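The structure under discussion appears below in the form of structure tokens.
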Amino acid sequence: MAMAPLPNRLYSAAQTRELDRLAIAGGVSGATLMARAGQAAFDLMLQRWPEVREPAILCGAGNNGGDGYVVARLAQEAGLRPVVYQWRPLDRLGGDALAMAEAARDAGVPMQPLNLDNLPLTAPLLVDGLLGTGISGALRDDMRALLQALDALGKPVLALDVPSGLSADSGASAGAVLSADCTITFIGVNRGLLTGVGPCHSGQLVFSGLNVDEAVYQAIPDPVWRPTPLDLRRWLPRRRRDGHKGHYGHVLVIGGDHGFAGAPSMSAQAAARCGAGLVSLATRAENLTAVLARQPEIMARAVEDVAELEPLLERATVVAVGPGLGTGEWGQTLLKRALMTDLPLVLDADALNLLADWGVDANDHWVLTPHPGEAGRLLGSDSATVQRDRFAAVEALASRYGGTALLKGLGTLVRGGDGCALISDGNPGMGSGGMGDVLTGVIAALLAQGVPPYLAATLGAMAHARAADRAAAEHGERGLLATDLLPPLRWELNGK
């Protein structure tokens with residue numbers, strides 16, 4: 001069974017179950033799909049761990065366990081010495097899973113009960129077919145204890161579909177997770193594998209479509225979109241030969257209260273490097289020298305009150321507010337004026353904190369870019385609540401505030417009127433100050449060049465994350481700075 005590139009459509013657990021149902025309704029039996037899944041997993045096991053002779057196959061009571069029984073049978077037939085550890089005995093199984101278990105037994109696969117008193121202590125590899133996508137809510141105490149004990153063994157793990165204990169929908173832990181070195185997922189990629197703590201537990205992610213027909217996928221509405229560089233190139237075509245700065249928009253960045261010159265400067269630099277025709281910065285007078293010394297192309301202006309902001313707003317086509325803004329009187333006054341404009345807005349940092357305090361009405365013109373803490377404040381909760389279900393949080397942000405909401409973090413999510421997107425690029429090196437300020441400038445630049453808000457946020461976040469991956473590949477993740485992304489951002493936005 002051939003492996004395929006990771007698709008750009010991601011699904012909830014319910015949607016993947018519907019994909020299965022539609023494939024079966026289209027003439028492919030459930031047993032055939034299970035056999036294909038087991039074959040794909042077995043092939044991957046041989047490829048990834050060719051030296052392993054005695055794998056332990058952990059089998060639950062559902063279809064995920066059925067896949068595991070197929071792996072065990074194939075391993076036995078190939079001359080390996082697999083052992084199945086059963087969470088439930090054969091008389092507790094049914095349907096295709098029972099048929100696959102009986103086939104494994106008849107092939108001579110030894111089977112043992114799986115519990116805290118009988119763990120695969122000497123096995124060189126665990127194949128996790130325990131829970132898959134079948135969990136909802138918190139784990140029962142016995143399963144949580146079992147997963148903790150299995151994880152503590154420190155064995156290499158190949159997970160089938162989803163690491164046991166991980167929510168396929170939210171990417172949150174249900175109480176304990178058996179972390180995998182590699183996860184193979186079938187037919188549809190579950191969205192929880194790529195956000196929350198999903199990537200921390202999934203290891204290398206491998207996909208097999210099991211030869212399911214494309215028509216099956218077309219019948220599922222509104223999957224989560226995982227953008228690729230091809231999408232960015234489609235929305236940012238080659239520039240016309242007679243183009244000039246007036247064709248590519250004018251970004252106005254507002255921010256930089258006393259002592260905070262760096263944040264708005266980075267936003268303005270990013271907007272300029274990502275293709276905005278003109279970039280202005282409204283900031284405190286004390287910041288001008290530092291900003292202009294760093295990037296003389298930025299038209300930095302001293303703005304102390306609304307009257308000095310007005311002429312800048314008149315010339316702008318996009319406004320980005322928040323980096324270094326502060327929450328004092330100066331920042332509040334400028335933000336209130338910016339919110340009165342009909343121009344597209346990108347709001348970050350202190351602009352979001354002020355919105356949370358003010359309880360403002362929804363606005364279709366803005367892109368909000370909170371990290372989990374800011375998102376928690378906007379929703380009247382906290383970062384832990386946001387992280388427990390990032391999809392629910394970004395949906396709530398878009399519903400409450402309108403426009404486009406971008407929830408930062410591992411597996412950044414974007415929700416707008418056109419759908420929901422997930423950014424699977426990026427690396428831990430991005431955990432340093434100023435990354436969000438650069439992202440604000442990237443999104444503003446795309447808006448200035450005519451990209452619609454949802455797409456500007458989605459493609460901007462992808463380009464930002466890919467630029468970080470380029471920078472980390474060259475010099476390493478540790479010590480990665482926000483401004484290190486500026487050169488590779490140019491490469492990303494020019495399709496290099």
Side-chain angles (χ1 to χ4, degrees), residues 37-93 97 100-132 134-135 139-166 173-184 200-206:
Q39 182 71 62
F42 176 67
D43 292 344
L44 177 60
M45 184 184 78
L46 292 183
Q47 176 186 340
R48 180 73 184 265
W49 292 280
E51 75 288 352
V52 167
R53 310 302 297 170
E54 299 177 346
I57 320 296
L58 315 179
C59 292
N63 286 344
N64 194 243
D67 298 341
Y69 283 112
V70 175
V71 174
R73 176 181 58 79
L74 292 171
Q76 183 76 12
E77 293 172 349
L80 305 183
R81 296 183 296 279
V83 176
V84 165
Y85 287 77
Q86 299 172 297
W87 177 242
R88 292 290 181 261
L90 264 63
D91 60 11
R92 298 282 298 276
L93 307 183
M100 299 305 170
E102 291 174 336
R105 179 198 60 194
D106 295 344
V109 177
M111 299 184 184
Q112 303 180 19
L114 176 63
N115 53 56
L116 291 176
D117 296 322
N118 191 43
L119 298 173
L121 299 177
T122 61
L125 172 71
L126 307 183
V127 177
D128 174 13
L130 283 173
L131 298 178
I135 62 171
L139 295 171
R140 289 181 356 193
D141 290 344
D142 56 350
M143 179 55 75
R144 183 176 66 254
L146 178 65
L147 293 182
Q148 289 171 339
L150 288 167
D151 199 55
L153 295 177
K155 307 284 187 180
V157 176
L158 170 61
L160 309 182
D161 264 332
V162 175
S164 289
L166 180 73
S173 167
V177 180
L178 177 53
S179 295
D181 297 85
C182 184
T183 298
I184 180 168
C200 301
H201 294 293
S202 301
Q204 178 191 9
L205 191 57
V206 178

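In this text the structure is predicted, and so the values were computed from the model without any measurement. Sequence positions, counted from 1, serve as the residue numbers for this chain.
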Step by step, work out the side-chain contact (heavy atoms from CB on, under 4.5 Å) result for Val157 and Leu150. CA-CA 10 Å; Val157 176; Leu150 288 167; over 6 Å; no

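Between Val70 and Phe42, the closest side-chain pair of non-hydrogen atoms is not below 4.5 Å. Pro120 places a side-chain heavy atom less than 4.5 Å from the side chain of Leu114. Side-chain atoms of Val109 and Ile57, non-hydrogen and from C-beta on, never get closer than 4.5 Å to each other. For the pair Val71 and Leu158, the minimum side-chain heavy-atom distance is 4.5 Å or more. Considering only heavy atoms from C-beta on, Leu80 comes within 4.5 Å of Leu46 through its side chain. The side-chain heavy atoms of Leu131 and Met143, taken from C-beta on, include a pair separated by under 4.5 Å. Counting only heavy atoms from C-beta outward, the side chains of Leu146 and Leu119 approach each other to under 4.5 Å.
In terms of modelled atom types and a separation under 3.5 Å, the side chain of Asn115 and the main chain of Asn118 share a donor-acceptor contact.
Between Thr122 atom OG1 and Lys155 atom NZ the span is 6.5 Å, to the nearest 0.5 Å. Interatomic distance, Gln148 CD to Leu116 CG, rounded to the nearest 0.5 Å: 9.5 Å. A distance of 4.5 Å separates CG of Leu44 from SG of Cys182, quoted to the nearest 0.5 Å. Taking OG of Ser179 as the reference point, atom CG of Asp128 lies at 10.0 Å (rounded to 0.5 Å). In this structure, OG on Ser164 lies 6.0 Å from CG on Leu147, to the nearest 0.5 angstrom.
When all heavy atoms of Arg105 and Met111 are compared, the pair lying nearest together is N-CE, 3.4 Å. Nearest heavy atom pair, residue Gly165 against residue Leu139, reads CA-CD1, 4.2 Å. When all heavy atoms are compared, the tightest approach of Arg88 to Leu93 is O-CD2, 4.4 Å. Thr183 approaches Pro163 most closely through the heavy-atom pair OG1-CG, 3.6 Å. Across all non-hydrogen atoms, the minimal contact from Leu160 to Ala41 is CD2-CB, 3.6 Å. Nearest approach of Leu126 to Ala123, heavy atoms of both residues: CD2-CB, 4.3 Å.
Pro156 pairs by the side chain to side chain contact (heavy atoms under 4.5 Å, CB included) definition with Trp49, Leu125, Asp181, not counting sequence neighbours.
Note on residues 51-62: pairs passing side-chain hydrogen bond (donor to acceptor under 3.5 Å, both in side chains), not counting sequence neighbours, are Glu54-Arg81. Identified under the side-chain hydrogen bond (donor to acceptor under 3.5 Å, both in side chains) test for residues 67-77, with sequence neighbours left out: Tyr69-Gln86, Arg73-Glu77.
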